[in-house]
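Below is one structure, written out as structure tokens; the observations come after it.
Along the sequence shown, residues carry numbers from 1.
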Amino acid sequence: MQPHKVVITGANGFVGTRLCRALMVEGCRTAGLDLNPIGSVCDETSVGDLTIEGPWCRALDGADTVFHLAAKVHALSEVKQDDAEYFRINTEGTRNLLAAAKRAGVKRVVFFSTIKAMGRDDGEGQPSEIERRSRRGRMGVADGARAATEEDVVAPDTPYGRSKLEAEKLVLFGNYVPEPVVLRLCMVYGAGAKGNIQKMLAAVSQHRFPPLPEVGNRRSMVHVTDVVRAAVLAARHPAAVGQVFIVSDGHPYSTRQIYDLMCRSLDRAPPRWSMPLWCLEGLGLLGDQIGRLRGRRFVFDSDAFENLIGSAWFSSEKIEQRLGFRPMWDLERAIPEMVTELKGP
């Protein structure tokens with residue numbers, strides 16, 4: 001019997017590479033689509049610019065499942081001119097892929113979305129500017145009253161989040177494939193990642209990240225291995241069809257907890273002192289001014305300050321209950337491998 005053929009867009013990315021390997025172990029025949037196919041681990045790989053209809057469409061022939069990871073991701077230095085680019089790549093690129101999948105008779109599409117499509121700062125919704133300033137006046141204590149779920153009203157507040165939400169709607173309600181599934185990923189961590197956790201770890205290791213006070217904020221994350229496991233479940237489980245699932249490791253972390261975990265993994269005692277939040281807020285305001293002068297965001301500004309003290313707390317109870325997903329990793333277990341990678345051979 002010929003193995004099932006699956007297509008992975010963004011196949012050469014951090015998650016895509018690991019997903020390809022896992023599917024090959026499962027006996028699937030993998031076809032990757034990527035702008036840069038060099039070094040692909042898939043059985044076959046094509047150059048695929050999803051914003052333009054082209055030869056990449058033929059890669060979908062004979063496939064029963066598509067994992068759609070390719071996207072323009074959230075960038076720290078984004079500016080207003082980037083808005084159209086997010087929608088061109090993330091929304092219209094998804095539309096083109098879905099149209100090709102429909103022509104090829106693809107049965108299931110697993111779309112990799114993001115919690116940014118929800119626009120949540122905490123379980124109660126995105127705070128207004130007045131609430132943000134009030135929060136700063138309370139020494140930055142984030143509300144985080146409860147974990148947000150798939151049932152909450154969504155209101156993305158970034159072009160990245162809005163573009164991914166529009167893509168979700170195309171997947172679920174565009175009538176392109178009979179079995180659509182959406183995974184909203186929390187921040188993904190693990191050795192080899194290039195995200196904020198890795199940047200924070202590098203800064204902590206070089207004594208360039210000041211210890212913050214414990215403000216009780218809650219941030220949800222997920223290990224790349226568990227992302228892959230959730231994706232394979234979503235591709236196979238009948239209860240996944242037509243559903244949106246948040247994927248996390250089930251352990252919300254405060255920024256100070258993350259900092260202390262990193263110190264311990266670096267064989268360093270966490271400092272007993274912490275930098276006052278008013279000082280960090282002042283640096284954020286200075287970064288705002290520098291960003292306005294440069295025309296692009298500075299590496300640390302008021303938004304970065306809010307991200308440090310704010311909550312992004314999400315529940316993965318739905319995927320656990322309906323698909324039997326159980327995360328295997330948490331940040332405490334993962335940081336040592338990330339430290340090993342950081343130190344190098």
Is it true that a side-chain atom of [X] and a backbone atom of [Y] form a donor plus acceptor pair closer than 3.5 Å?
{"X": "Q289", "Y": "L286", "value": "no"}
{"X": "S220", "Y": "F314", "value": "yes"}
{"X": "R108", "Y": "A234", "value": "yes"}
{"X": "T30", "Y": "D43", "value": "yes"}
{"X": "R21", "Y": "G16", "value": "no"}
{"X": "S205", "Y": "A202", "value": "yes"}
{"X": "D34", "Y": "A11", "value": "yes"}
{"X": "N96", "Y": "L50", "value": "yes"}
{"X": "N217", "Y": "G310", "value": "yes"}
{"X": "R294", "Y": "R297", "value": "yes"}

Looking only at the side chains, is there a donor atom on one of [X] and [Y] sitting less than 3.5 Å from an acceptor on the other?
{"X": "T17", "Y": "N12", "value": "no"}
{"X": "T65", "Y": "H4", "value": "no"}
{"X": "R88", "Y": "T51", "value": "yes"}

What I'd like to find out is whether the side chain of [X] reaches to under 4.5 Å of the side chain of [Y], using heavy atoms alone.
{"X": "V7", "Y": "H68", "value": "no"}
{"X": "C20", "Y": "I8", "value": "yes"}
{"X": "S302", "Y": "L285", "value": "yes"}
{"X": "F67", "Y": "L183", "value": "no"}
{"X": "V224", "Y": "F14", "value": "yes"}
{"X": "L98", "Y": "K102", "value": "no"}
{"X": "V110", "Y": "V66", "value": "no"}
{"X": "T94", "Y": "E168", "value": "no"}

Hydrophobic clusters here meaning ILVMFWY residues chained together by side-chain heavy-atom distances under 4.5 Å, can you tell me if [X] and [Y] are in one?
{"X": "Y259", "Y": "M187", "answer": "yes"}
{"X": "F111", "Y": "V188", "answer": "no"}
{"X": "I52", "Y": "L97", "answer": "no"}
{"X": "I319", "Y": "V182", "answer": "no"}
{"X": "Y86", "Y": "V171", "answer": "no"}

- Message: Quick one, R184 with T114, criterion side-chain contact (heavy atoms from CB on, under 4.5 Å). Give me CA distance, side-chain angles, the key distance, then yes/no.
- Response: CA-CA 4 Å; R184 287 180 181 157; T114 169; over 6 Å; no
Closest non-hydrogen atom pair between [X] and [Y], with its separation:
{"X": "L19", "Y": "V232", "result": "CD1-CG2, 4.3 Å"}
{"X": "M24", "Y": "V41", "result": "SD-O, 3.1 Å"}
{"X": "T149", "Y": "S315", "result": "CG2-CB, 4.1 Å"}
{"X": "T255", "Y": "M200", "result": "O-CE, 4.0 Å"}
{"X": "V299", "Y": "A304", "result": "O-CB, 4.4 Å"}
{"X": "R326", "Y": "E320", "result": "NH1-O, 3.0 Å"}

Working to the nearest 0.5 angstrom, can you tell me the gap between [X] [atom1] and [Y] [atom2]?
{"X": "I258", "Y": "L201", "atom1": "CD1", "atom2": "CG", "result": "11.0 Å"}
{"X": "W56", "Y": "L35", "atom1": "CH2", "atom2": "CG", "result": "11.5 Å"}
{"X": "L69", "Y": "L33", "atom1": "CG", "atom2": "CG", "result": "11.0 Å"}
{"X": "Y176", "Y": "R95", "atom1": "OH", "atom2": "CZ", "result": "5.0 Å"}
{"X": "K164", "Y": "K169", "atom1": "NZ", "atom2": "NZ", "result": "14.5 Å"}
{"X": "L277", "Y": "I309", "atom1": "CG", "atom2": "CD1", "result": "6.0 Å"}

- Message: Which residues pass the side chain to side chain donor-acceptor pair (under 3.5 Å) test with N196, not counting sequence neighbours?
- Response: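 Listed in chain order: nothing, the list is empty.
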- Message: List the residues meeting side chain to side chain donor-acceptor pair (under 3.5 Å) with T91, not counting sequence neighbours, and say none if there are none.
- Response: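 Listed in chain order: nothing, the list is empty.
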- Decide if atom CZ of R58 counts as having more than 12 heavy atoms of other residues, nucleotides or ligands within a radius under 6.0 Å.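 Atom CZ in R58 is not crowded, with 12 or fewer foreign heavy atoms closer than 6.0 Å.
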- More than 12 foreign heavy atoms under 6.0 Å from CG of L293: is that the case here?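 Atom CG in L293 is packed in, count exceeds 12.
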- Item | R18: salt bridge (Lys or Arg N to Asp or Glu O under 4.0 Å) partners, not counting sequence neighbours |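 Partners of R18 under the salt bridge (Lys or Arg N to Asp or Glu O under 4.0 Å) test: none.
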- side-chain contact (heavy atoms from CB on, under 4.5 Å) between K5 and D64, worked out: CA-CA 6 Å; K5 179 181 177 181; D64 54 20; 5.7 Å; no
- Query: Yes or no on salt bridge (charged side-chain N to carboxylate O under 4.0 Å, His left out) for D61 and R103, after CA distance, side-chain angles and deciding distance?
  - Reply: CA-CA 9 Å; D61 293 343; R103 292 193 298 269; over 6 Å; no
- Task: Under the ring pair (Phe, Tyr, Trp, His ring centres under 6.0 Å) rule, collect the residues that match up with W329, sequence neighbours excluded.
- Result: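 If we apply the ring pair (Phe, Tyr, Trp, His ring centres under 6.0 Å) test to W329, skipping adjacent residues, the hits are H223.
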Identify every side-chain donor-acceptor pair in residues 242-251 under 3.5 Å, counting partners at least two apart or on other chains, and give the distances.
residue: Q243; atom: OE1; partner: K318; partner atom: NZ; Å: 2.9
residue: Q243; atom: OE1; partner: R322; partner atom: NH1; Å: 3.1
residue: S248; atom: OG; partner: G250; partner atom: N; Å: 3.0
residue: S248; atom: OG; partner: S316; partner atom: OG; Å: 3.2
residue: D249; atom: OD1; partner: H251; partner atom: N; Å: 2.8
residue: D249; atom: OD2; partner: Y189; partner atom: OH; Å: 2.7
residue: D249; atom: OD2; partner: Y253; partner atom: OH; Å: 2.7

- Go through L212 and L280 one step at a time and tell me if the side-chain contact (heavy atoms from CB on, under 4.5 Å) criterion holds. CA-CA 9 Å; L212 302 180; L280 283 170; 2.7 Å; yes
- Query: Does a salt bridge link E214 with R256, judged by any charged N lying under 4.0 Å from a carboxylate O?
  - Reply: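 Judged by the 4.0 Å cut-off on N to carboxylate O distance, E214 and R256 do not form a salt bridge.
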- Message: Under 6.0 Å from the ring centre and within 45 degrees of the ring axis: does the NZ or CZ of K116 meet both conditions for the six-membered ring of Y160?
- Response: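 Here K116 fails the 6.0 Å and 45° test against Y160.
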- Check the pair E44 / R29 against salt bridge (charged side-chain N to carboxylate O under 4.0 Å, His left out), numbers first and verdict last. CA-CA 8 Å; E44 57 186 79; R29 183 162 60 96; 3.5 Å; yes
- Start with the C-alpha gap between N90 and E166, add the side-chain angles, then the distance that decides, and say whether side-chain contact (heavy atoms from CB on, under 4.5 Å) holds. CA-CA 9 Å; N90 296 344; E166 291 305 309; over 6 Å; no
- Message: Strictly by salt bridge (Lys or Arg N to Asp or Glu O under 4.0 Å), give each pair with a member in residues 229-238 just once, sequence neighbours left out.
- Response: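 For residues 229-238, and leaving out neighbouring residues, the salt bridge (Lys or Arg N to Asp or Glu O under 4.0 Å) pairs sorted by first residue read E26-R236, D226-R229.
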